[in-house]
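To start, the structure itself, in structure tokens.
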Amino acid sequence: MDTEAQHTERDPSSGTEDGSRSARVSADTNDARDTGDGEDTADAGSARSTSSWRRTAFLGGACVTFLLLLSHFVMQPFLIPSRSMEPTLQVGDRILVNKLAYRFGSEPARGDVVVFDGTGSFVREQPRGNPVTGLLHDGAAALGLAEPDETDFVKRVVGIGGDRVVCCDRNGRLTVNGVPVEERYVMFGDQPSSVPFDIVVPPDKLWVLGDHRSQSSDSRDHLGNPGGGMVPVDKVVGRADWIAWPLGRWSTVQETDAFDAVPGAPAGGHGTAPHG
């Protein structure tokens, strides 16, 4: 009896201890597993965040590099800072300059609106400033985020190499190679020029004027300077083909037929000796 009682009492206690011990081990295992999962999840989230940041930085850098290469070789935006080309171009316009227009043997034609580097023709050579600041400015200007260099100008080509350009005839019109030009792109109310001139454009040079003649500093203002206001063809950055901003002015820069009747320069040159 005692033996059976002892055996009966011992069995439940033995089973309870095993069960609780099993429960403790299982719970401890689950706690450890839960802690490990949390750390793994945090590590995975951190890795994903770092990977996403690196991918975003790479894509941003690739886009900026692409835009810089595009603006250097193909198409560059320029901000119009003055009224010299009104009404064709207005202050605040951002134009897209086609750098391939004259890259493959073609040269600027009469009537083209061009951007050019005026160093040596419109402005004197300037001493170089801080190279880092200059590089940052050039990058911002290349993306159209800053005004272009003070040596960059936008004007309309009126005379090319060999042309004789005179202002003005008895009817107040500008003539090229003896043919009067109806300049309908000139700002309403402006004269073709308030400064008389009679010049022959040397080979590989350009005679350029702004459309808003009373507000434009152009070839006329540099007649007495070295070079006589002529712009070397190799200083032309490109042709202004589009107005990209503001959106309300999105359009192409319209071509003109004003020079269609103008003949080429005579092979033997002009008979007289024009002067500025």
Side-chain angles (χ1 to χ4, degrees), residues 84-85 88 97-123 152-187 190-213 216-241 253-276:
S84 68
M85 282 298 294
T88 305
V97 175
N98 182 0
K99 288 190 166 186
L100 299 180
Y102 311 123
R103 191 63 63 86
F104 303 104
S106 179
E107 292 192 353
R110 305 180 195 98
D112 286 357
V113 177
V114 298
V115 171
F116 61 92
D117 178 3
T119 304
S121 58
F122 278 35
V123 295
D152 291 335
F153 296 86
V154 56
K155 303 294 176 188
R156 189 181 296 274
V157 178
V158 172
I160 59 177
D163 284 347
R164 181 179 181 180
V165 186
V166 180
C167 193
C168 295
D169 67 4
R170 285 179 289 182
N171 294 319
R173 295 172 299 183
L174 181 133
T175 67
V176 180
N177 297 335
V179 175
V181 179
E182 295 291 344
E183 298 183 283
R184 288 183 288 275
Y185 46 77
V186 170
M187 185 70 175
D190 276 5
Q191 303 174 36
S193 178
S194 59
V195 178
F197 56 85
D198 184 350
I199 57 96
V200 171
V201 184
D204 300 320
K205 299 290 180 67
L206 303 172
W207 179 262
V208 297
L209 301 174
D211 289 355
H212 196 167
R213 299 287 159 82
S216 177
S217 176
D218 45 43
S219 289
R220 299 169 298 168
D221 297 276
H222 302 280
L223 282 167
N225 296 352
M230 309 294 176
V231 177
V233 171
D234 60 10
K235 288 285 191 177
V236 174
V237 175
R239 184 180 64 210
D241 281 351
V253 177
Q254 292 186 352
E255 298 181 358
T256 178
D257 59 0
F259 298 90
D260 287 358
V262 175
H270 296 275
T272 59
H275 57 279

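Note that these values count all heavy atoms, side chains included, but never hydrogens, waters or copies made by symmetry.
Between V181 and R173, the closest side-chain pair of non-hydrogen atoms is not below 4.5 Å. The side-chain heavy atoms of L223 and I199, taken from C-beta on, include a pair separated by under 4.5 Å. Using a 4.5 Å cut-off on side-chain heavy atoms (C-beta onward), F153 and V208 make no contact.
In terms of heavy-atom proximity, P192 sits nearest to G172 at CG-O, 3.0 Å. Closest of all the heavy-atom pairs between G159 and V201 is C-CG2, 4.1 Å. The shortest non-hydrogen separation linking A258 to Y185 is CB-CE2, 4.1 Å. Residues D218 and G210 share a closest heavy-atom pair of OD2-N, 3.1 Å. Here the closest non-hydrogen pair linking T175 and P180 is CG2-CA, 3.9 Å. The two residues V154 and S84 have their closest heavy-atom pair at O-OG, 4.4 Å.
In this structure H222 satisfies the ring-ring contact (aromatic ring centres under 6.0 Å, His included) test together with F122, sequence neighbours excluded.
Note that CH2 of W207 is 15.0 Å distant from CZ of R110, once rounded to the nearest 0.5 Å. To the nearest 0.5 Å, the span separating CG on D117 from CG on D152 amounts to 6.0 Å. Taking OG1 of T88 as the reference point, atom NE2 of H212 lies at 11.5 Å (rounded to 0.5 Å). Here the CG-CD distance, from D257 to E182, works out to 10.5 Å after rounding to the nearest 0.5 Å. Considering CG of D211 and CE of M85, their distance stands at 3.5 Å, rounded to 0.5 Å. Distance OG/S121 to NZ/K235: 7.5 Å, rounded to 0.5 Å.
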Step by step, work out the side-chain contact (heavy atoms from CB on, under 4.5 Å) result for V114 and Y102.
CA-CA 11 Å; V114 298; Y102 311 123; 3.5 Å; yes

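Although no hydrogens or angles enter the test, the distance criterion places a donor-acceptor pair under 3.5 Å between the side chain of N177 and the main chain of R164. Between the S219 side chain and the M230 main chain, no donor and acceptor come within less than 3.5 Å of each other. Between the side chain of D169 and the backbone N or O of N171 there is at least one donor-acceptor pair closer than 3.5 Å. A donor-acceptor pair under 3.5 Å is absent between the side-chain atoms of R213 and the main chain of L209, judged by distance alone. Remark: the backbone N or O of V176 is not paired with any side-chain donor or acceptor of D163 at under 3.5 angstrom.
Applying the side-chain contact (heavy atoms from CB on, under 4.5 Å) test between E107 and each of L206, I160, D112, D204 identifies D204 as the sole match.
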